[in-house]
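Throughout, protein chains are lettered first and strands after them, A, B, ... in sequence-line order, and every chain is numbered starting at 1.
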Amino acid sequence: MSPELQLDSRGRLRHLLTLEGLGAELLTEILDTAEELEHSLRGPDKKLPLLRGRTVVNLFFEPSTRTRTTFELAAKRLSADVLNLQLAASSTSKGETLFDTLKTLEAMQVDMFVVRHEASGAAHFFAQHAAPGVAILNAGDGRHAHPTQGLLDLFTIRRYKGPDIDCFRKLRVAIVGDVLHSRVARSDIHGLRALGTTDIRVVAPPTLVPAGIEQMGVSVHHDMDEGIDGVDVVILLRLQKERMLGAYLPSMSEFHRDFGLTRARARALRPDAIIMHPGPINRGVEIEGDVAYGPQSLILQQVRHGIAVRMAVMAMILGQASVRTRPRRRSTR
Amino acid sequence: MSPELQLDSRGRLRHLLTLEGLGAELLTEILDTAEELEHSLRGPDKKLPLLRGRTVVNLFFEPSTRTRTTFELAAKRLSADVLNLQLAASSTSKGETLFDTLKTLEAMQVDMFVVRHEASGAAHFFAQHAAPGVAILNAGDGRHAHPTQGLLDLFTIRRYKGPDIDCFRKLRVAIVGDVLHSRVARSDIHGLRALGTTDIRVVAPPTLVPAGIEQMGVSVHHDMDEGIDGVDVVILLRLQKERMLGAYLPSMSEFHRDFGLTRARARALRPDAIIMHPGPINRGVEIEGDVAYGPQSLILQQVRHGIAVRMAVMAMILGQASVRTRPRRRSTR
Amino acid sequence: MSPELQLDSRGRLRHLLTLEGLGAELLTEILDTAEELEHSLRGPDKKLPLLRGRTVVNLFFEPSTRTRTTFELAAKRLSADVLNLQLAASSTSKGETLFDTLKTLEAMQVDMFVVRHEASGAAHFFAQHAAPGVAILNAGDGRHAHPTQGLLDLFTIRRYKGPDIDCFRKLRVAIVGDVLHSRVARSDIHGLRALGTTDIRVVAPPTLVPAGIEQMGVSVHHDMDEGIDGVDVVILLRLQKERMLGAYLPSMSEFHRDFGLTRARARALRPDAIIMHPGPINRGVEIEGDVAYGPQSLILQQVRHGIAVRMAVMAMILGQASVRTRPRRRSTR
């Protein structure tokens with residue numbers, strides 16, 4: 001799956017499929033644009049005219065009320081018309097009929113598709129076949145990528161560890177939990193690496209670490225206390241409980257004991273360490289409830305930043321010029 | 001469940017959870033605002049800019065196309081962005097996860113939640129935990145309250161028995177049917193009592209009257225002809241047929257014979273009596289079809305007024321100042 | 001089912017239920033209006049203010065994501081508020097409760113209903129009982145009619161065989177496949193006949209031709225090669241595979257062999273013949289995939305034209321004056 005597909009001939013964003021291959025400059029531009037948009041959302045009227053008259057289709061082959069909602073809100077706050085389509089992956093499982101679905105909706109003069117699909121590579125398939133002027137935004141494809149989640153994680157880290165973009169170089173980051181099935185982990189690692197982070201630790205039981213992950217430039221730890229020792233950022237991953245038991249894990253309580261962010265482990269973190277989770281949390285599994293709403297947790301801020309980041313990507317792809325009409329500000333937190 | 005929760009320190013509406021504890025002055029203000037809005041809906045363009053850029057989420061844990069539709073239309077006609085979320089109550093049955101749902105959506109900078117839930121008290125729970133600036137509107141919680149239905153019933157009665165708000169003092173009102181399970185009945189009784197109605201009659205078989213209802217200031221009648229004798233207003237309640245048979249009632253036809261508004265009973269009403277029902281009607285159970293569409297029935301007017309009343313509550317809570325920019329008119333019908 | 005129901009006393013469109021009974025002048029006016037709207041959709045901002053503040057309800061008793069989407073987009077691009085209601089036909093199968101549904105939604109001051117129902121005549125039922133000022137648009141009722149599909153087919157044919165409206169007089173058109181169950185075929189035949197087409201050929205196995213279809217002014221062919229010989233337009237119909245096998249057809253492959261538009265048959269067509277299909281296509285049944293995306297196929301153009309045609313009908317019924325404010329252009333392709 002070629003990351004070049006998502007850039008146009010001048011290196012500008014045309015689709016967003018993965019953070020792999022996006023350079024530090026482009027990532028910084030996205031974060032800066034999101035920063036501007038996040039400021040504009042602070043008043044009571046959260047509506048900007050940037051995508052007026054444009055049509056965004058949420059094309060979800062996997063149900064996800066939460067993710068769909070964030071894209072729907074982002075598009076509506078940019079004044080786009082939004083259509084929500086929930087399709088069964090089974091009925092369009094062959095490439096040829098995915099193709100028909102894409103072409104039919106394109107013919108309705110849709111400007112952007114937000115695609116979620118259980119198959120890794122589905123968003124790439126759409127981007128390969130999209131007509132000129134039609135943009136694809138990957139909202140999660142199989143175990144492959146979830147680039148807007150990666151971007152909102154970068155945004156959140158820069159907010160609390162920046163504002164200098166160079167903050168990423170000296171960060172120690174632990175990514176904890178089910179890395180094997182996690183598209184979030186992959187997107188976070190690509191983004192952090194592009195921004196210069198060298199100390200990225202994958203913390204998980206051996207059954208939940210994909211083979212060869214070290215080649216992405218991370219270290220692997222099977223002991224959580226060792227893995228999170230001295231880190232600046234802890235990113236917890238959501239455990240898909242239903243598919244875990246038996247096959248990958250002996251029990252939820254054992255996972256919690258060995259890899260959950262308990263109150264004791266949270267107390268042992270550096271006082272300025274931040275705690276993140278893509279949500280929704282499993283209380284008492286990846287994290288204790290108290291810790292999720294404690295002073296070092298940024299879980300809700302991540303949700304808030306997710307709207308701004310998605311607006312930024314949509315605006316950059318569909319209405320680039322307009323975003324730049326206001327003077328650029330740096331985050332002042 | 002403390003009714004004070006829904007008022008701010010200056011006694012203004014902050015959430016709408018129940019009509020219990022709302023005074024005559026505030027109720028009158030809501031009805032007056034709805035009156036103004038209802039006039040503005042008479043032209044072809046029904047869009048007002050009062051909530052432009054605001055986000056309203058319909059958070060329904062119990063399916064109800066009809067009720068959801070009225071809130072969706074009310075919010076859209078005020079120019080708000082609307083999100084419809086249908087969640088399973090089972091997946092969020094514990095307070096802690098309801099809390100997570102609330103906090104996550106709040107982080108998306110939602111301004112108002114319209115909540116329907118099968119559990120009495122769910123809307124109060126949300127209001128107790130809502131962030132400053134986030135409003136909760138109860139669209140029905142268990143057997144507890146359905147305050148916008150109560151308000152639209154008051155609005156309809158004032159339209160046809162007013163316009164003087166003092167009209168409520170001398171009214172005789174019968175509320176007929178399944179009072180036991182009815183949040184509508186409770187909200188109607190609270191509203192009528194606050195506006196001074198003293199003759200409120202609950203008319204139902206003994207199995208469908210909650211113990212101690214007399215303490216709400218109503219009389220109980222088990223004979224319908226006696227109960228509706230000489231009344232100005234008949235409010236019929238919807239029978240949830242599926243949960244009735246066996247447990248509460250011998251048969252639908254027996255209920256219709258004893259407590260249905262038949263043609264014969266409708267003819268025996270005062271010529272100026274009005275007939276109301278929250279809908280959807282069960283023809284041949286609570287009411288005969290002819291009577292539902294007869295000259296004394298206001299069932300469709302109730303639906304129409306429901307939009308105006310919901311717009312009024314939304315506008316008063318989220319955009320109070322703006323509603324007052326036009327001179328106040330009294331209903332002239 | 002009286003076609004007069006859909007015209008007002010001055011012969012203007014009030015509902016759109018069927019193409020039966022609509023004259024050449026009115027059909028031409030609809031196509032001209034769609035032509036204007038289609039031009040206005042070519043820029044990035046596809047939003048027109050013609051139906052601002054109006055409410056359109058998609059009332060679907062039969063699921064159809066695709067058709068619903070085209071009406072939703074058409075209404076949103078005219079700036080209407082759109083409500084999507086998916087109801088079970090079973091719960092409203094009796095006329096009296098369909099009536100209740102209509103009256104309740106009317107009371108919410110809805111301006112237009114887009115109705116799809118499995119029962120032939122459902123849209124007529126709604127039109128018969130609709131209040132003054134409330135319009136009904138038939139989005140497919142049983143085997144009866146699908147008038148906007150008929151209009152978009154006429155629009156597509158005029159685009160590629162016109163621009164003169166008289167082009168229809170000399171056309172040879174073949175309609176191929178399951179004519180028996182097809183509301184599309186009926187609407188196409190009514191529209192083509194009204195515009196003067198005399199050579200309309202129905203091409204299907206005997207089991208899939210309704211008795212007496214010749215009375216609509218068409219010829220019947222059971223041999224496809226003979227039926228499509230020398231035609232200007234081939235309209236393929238979608239086969240509802242699930243209800244075909246056994247009852248109507250021996251096998252899909254046999255149908256494809258005898259009545260599918262194979263590559264060989266496509267090559268034998270006149271070089272300027274056009275190929276149409278209402279979608280979604282069954283690859284390898286009615287049509288080979290290559291042919292569907294080949295140079296003579298207009299299947300995707302039909303989808304695009306469908307938005308413009310639906311916008312035209314909505315604008316003519318609800319906001320007639322405004323559409324005429326711009327000078328009328330003829331198609332120049």
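- Contact annotation for B:I299: neither backbone nor side-chain heavy atoms come within less than 4.5 Å of a heavy atom of chain C.
- Contact of B:I307 with chain C is made through the side chain alone, with heavy-atom distances under 4.5 Å.
- Contact of B:P280 with chain C is not made at all, since no heavy-atom distance falls under 4.5 Å.
- Residue with the most contacts toward chain C among B:G43, B:S79, B:P44: B:P44 (heavy-atom pairs, distance under 4.5 Å).
- Note on B:R183 versus B:E62: salt bridge recorded, some NZ/NE/NH1/NH2 to OD/OE distance being below 4.0 Å.
- Here the shortest heavy-atom pairing between C:L22 and C:L26 reads CD2-CD2, 3.8 Å.
- When heavy atoms are compared at a cutoff of 4.5 Å, B:R66 approaches chain C by way of both its backbone and its side chain.
- A salt bridge links C:D100 and B:R283; the closest N-O separation between the charged side-chain nitrogens and carboxylate oxygens is under 4.0 Å.
- Classified by interplanar angle (parallel below 30°, tilted 30° to 60°, perpendicular above 60°), the ring pair B:H117/B:F61 is tilted.
- When B:T69, B:T65, B:I281 are compared by the number of non-hydrogen pairs under 4.5 Å with chain C, B:T69 comes out ahead.
- The closest side-chain heavy-atom distance from B:Q302 to B:D153 is below 4.5 Å.
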